Amino acid sequence: MRIAIDGRSIVRPDVGRVSGINQYTSCMIDALVDVAADDTFVVFLDSDVPSEQVRAMIRGRSNIEARQDASLLRAVPYVGAHLMLPSAIHAERIDLFFAPTGLIPLGLRIPSVGFIHDLFILEHPEWFPDSAIQQVFTLKLVLPRSLDHARLLLTPSAAVRSDLIRAFPKTKQKTVVVHEGITICSPQPERQIHGRYIVSVATLEPRKNFLFALRAFEALLSRDPSLSKSLQYVIAGTPGWGAEPILEAIDHINARWRQYRPDGVVRYLGSVTDAERCSLYQHAELYLCTSFAEGFGLPPLEAMGVGTAVVTTSVGVIPEVAKGSVAIISESDVPSTATILLKLLNDQVARRRLAEAGRAAVAQFTWRRSAEQTLTHFRSVC
C-alpha cells in the first residue's frame, strides 16, 4: 500500500516536545516504517520542520517519503489543511490516509483511519487556548466529518473508546483500541538533579493540575520541614496555555521556604531533551502525575518502564493496567496525597515494590506492537 500520514503535528513550537500527539506521531511513523517494509509511507509535514529532522526521519530507508511545501503552512489553516493538503495527497495516488490527530481534511476523498487521543475538548473547552471560532469549526464541522468519513477509528485506551461512543454512538462498530507504545530510556548515569527529588514531566497547562501538585508537595514539607533541605519537586515541560498561575505558585512556594532552602524547594526546568527526561525519570524517588484527565498517559508509563515508582491519579490507561503497580491518588485531596508521598519517601521497600510491579505492567507497551496492530487495521479497510 501507499499510505499518507499527516505529520504536521511533529513539530509544534507552541506546544513543545512533551506534547503527547507530537510524540505519538513521531514514534508511530518510525515504527510503521520499520515493520512494513513492503509499504510506502508519504509523510506530509509543515514547512517549518527543520531539514535535519526530516533527514533523521528518513535515515536512508527506502519506504518513506517526506513532502513539504508552502500549501501546508498553518498561516492559512482552513485553506491549507482542508483544500490544498487534500489536493497534494490526491496527487500522490495514495491508498490510505492516516490522521494521527484524528482530524481528517474536509476535502479528502480516499479511505482514512483516524487516531482519537481523547475528547477532552468536548467536556472541558476551557482547557484549550483556541479561539471560539476555531473551536466551533473543529467541534461542529471537522471532528464530526472526520468521524463519519473514517473507515476505522483507533483509540489509545478503553476509556477513550467509551467516551467516543458515548458522544458519537454511530462510531461504535468502527472503533477499536490500539495502545500506544512507550520509549524505554537507555541508562543515564549522569544525574541532571543532585539529591532526592520527586518529578513530573508535562506541558504546564490547566489539565495537568499542577496547582494541586504544588499544594500537595508543600503539605508534605509542612509535615516534615526537615525534608525541605534534602528533597525537591522538579517539574519539566514547556509552558503551555494557562502556565502563568503555575509559575507564580512555584515562586511563592520557594519564597515561603527560602529560609530552609535558598535555591528553592521547587525547581522548574522548562522543556528538556529526551536524554534529560530519561535521567529525570531514572534518578527520581517518585514520579508524580496529578492530571485531571489523560487519553493514554505516556510520562508516568515511561517512568514505570525505567523502574521508578509512580504516584498518579486514575487517568488514561492506568485503570486498565495498574493492578497494584502504582499508588493511586485523588486529583483534589491534598492531605491524602501528602500522606501517600511521605509514606513512600520513607519506605524504600514499598518504592521498590511499586517500581518492580510498574516495570512489569508496562512491558506490553512497545511501539513495534502498536505499529503492527495499526498496520493490521490499515489492511482491514483497504
Side-chain angles (χ1 to χ4, degrees), residues 1-10 20-22 24-29 31-33 35-36 38-46 63-67 69 71-72 74 77-119 121-122 137-156 160-161 163-165 167-180 295 370-382:
M1 287 192 298
R2 190 168 172 82
I3 302 167
I5 300 179
D6 184 354
R8 292 172 301 147
S9 63
I10 288 178
I21 293 179
N22 176 312
Y24 170 82
T25 304
S26 298
C27 293
M28 181 52 66
I29 288 173
L32 282 171
V33 172
V35 303
D38 295 332
D39 299 301
T40 298
F41 298 89
V42 183
V43 183
F44 290 83
L45 304 164
D46 269 327
N63 62 333
I64 180 171
E65 303 171 10
R67 298 288 184 266
D69 61 60
S71 68
L72 308 183
R74 289 193 302 273
Y78 303 132
V79 176
H82 299 292
L83 180 61
M84 302 180 76
L85 176 57
S87 177
I89 293 171
H90 290 150
E92 294 283 348
R93 298 184 178 181
I94 297 297
D95 298 303
L96 177 76
F97 175 74
F98 178 47
T101 64
L103 300 179
I104 298 169
L106 296 177
L108 203 62
R109 296 291 181 267
I110 62 174
S112 301
V113 174
F115 193 96
I116 307 299
H117 293 265
D118 59 67
L119 291 175
I121 194 171
L122 296 179
F137 181 74
T138 298
L139 296 179
K140 300 300 183 182
L141 182 60
V142 181
L143 179 59
R145 168 64 173 74
S146 297
L147 299 178
D148 287 341
H149 176 73
R151 295 278 184 91
L152 194 69
L153 298 166
L154 312 179
T155 66
V160 176
R161 182 178 186 273
D163 290 343
L164 179 61
I165 293 170
F168 300 93
K170 292 182 179 180
T171 64
K172 182 176 182 178
Q173 299 304 320
K174 62 178 180 180
T175 302
V176 296
V177 176
V178 177
H179 291 141
E180 299 180 34
S370 183
E372 289 172 343
Q373 292 176 347
T374 299
L375 188 64
T376 296
H377 290 305
F378 285 174
R379 300 198 191 290
S380 73
V381 299
C382 285

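What you see is a predicted model; the values in this text were computed from it and never measured.
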Can you name the nearest heavy-atom pair linking [X] to [Y], along with the distance?
X	Y	answer
Val160	Gly295	CG2-O, 3.6 Å
Pro86	Pro105	CG-CB, 3.5 Å
Asn63	Ala36	ND2-O, 3.0 Å
Phe44	Ala4	CE1-CB, 3.9 Å
Ala167	Leu119	CB-CD1, 4.3 Å
His377	Leu152	CB-CD2, 3.3 Å

Residue pairs passing the side chain to side chain donor-acceptor pair (under 3.5 Å) test with at least one member in residues 106-118, sequence neighbours excluded, are Ser112-His149
Restricting to pairs with a member in residues 92-108, which pass side chain to side chain donor-acceptor pair (under 3.5 Å), not counting sequence neighbours?
-> Arg2-Glu92, Arg67-Glu92
Could you state the interatomic distance from [atom1] ([X]) to [atom2] ([Y]), rounded to the nearest 0.5 Å?
X	Y	atom1	atom2	value
Leu143	Leu122	CG	CG	6.5 Å
Ile116	Thr155	CD1	OG1	9.0 Å
Leu375	Glu372	CG	CD	8.5 Å

What residues, two or more places apart in sequence or in another chain, satisfy side chain to side chain contact (heavy atoms under 4.5 Å, CB included) together with [X]?
X	answer
Thr171	Leu147, Leu153, Leu164, Ile165, Phe168, Thr175
Ala371	Met28, Ala31, Leu32, Val35
Ser26	Ile10, Asn22

Any chance you could lay out the side chain to side chain contact (heavy atoms under 4.5 Å, CB included) test for Ile29 and Ile64, step after step, and finish with the verdict?
-> CA-CA 9 Å; Ile29 288 173; Ile64 180 171; 3.9 Å; yes
Among pairs that include at least one residue of residues 168-180, which meet salt bridge (charged side-chain N to carboxylate O under 4.0 Å, His left out), considering only residues two or more places apart or in two chains?
-> none
Tell me the salt bridge (charged side-chain N to carboxylate O under 4.0 Å, His left out) pairs involving residues 373-382, sequence neighbours left out?
-> Asp39-Arg379
Who pairs with Thr25 by side chain to side chain donor-acceptor pair (under 3.5 Å), at least two apart in sequence or on another chain?
-> Ser9
What do the steps show when you test Leu154 against Val176 for side chain to side chain contact (heavy atoms under 4.5 Å, CB included), and what is the final call?
-> CA-CA 5 Å; Leu154 312 179; Val176 296; 3.4 Å; yes
Got Arg8 and Leu85 here, is their nearest side-chain heavy-atom distance under 4.5 Å?
-> yes
Do the side chain of Arg145 and the main chain of Leu106 share a donor and acceptor less than 3.5 angstrom apart?
-> yes
Under 3.5 Å: donor-acceptor pair, side chain of Ser146, backbone of Ile104 = yes
Here the ring pair (Phe, Tyr, Trp, His ring centres under 6.0 Å) pairs for residues 87-114, sequence neighbours left out, are Phe98-Phe378
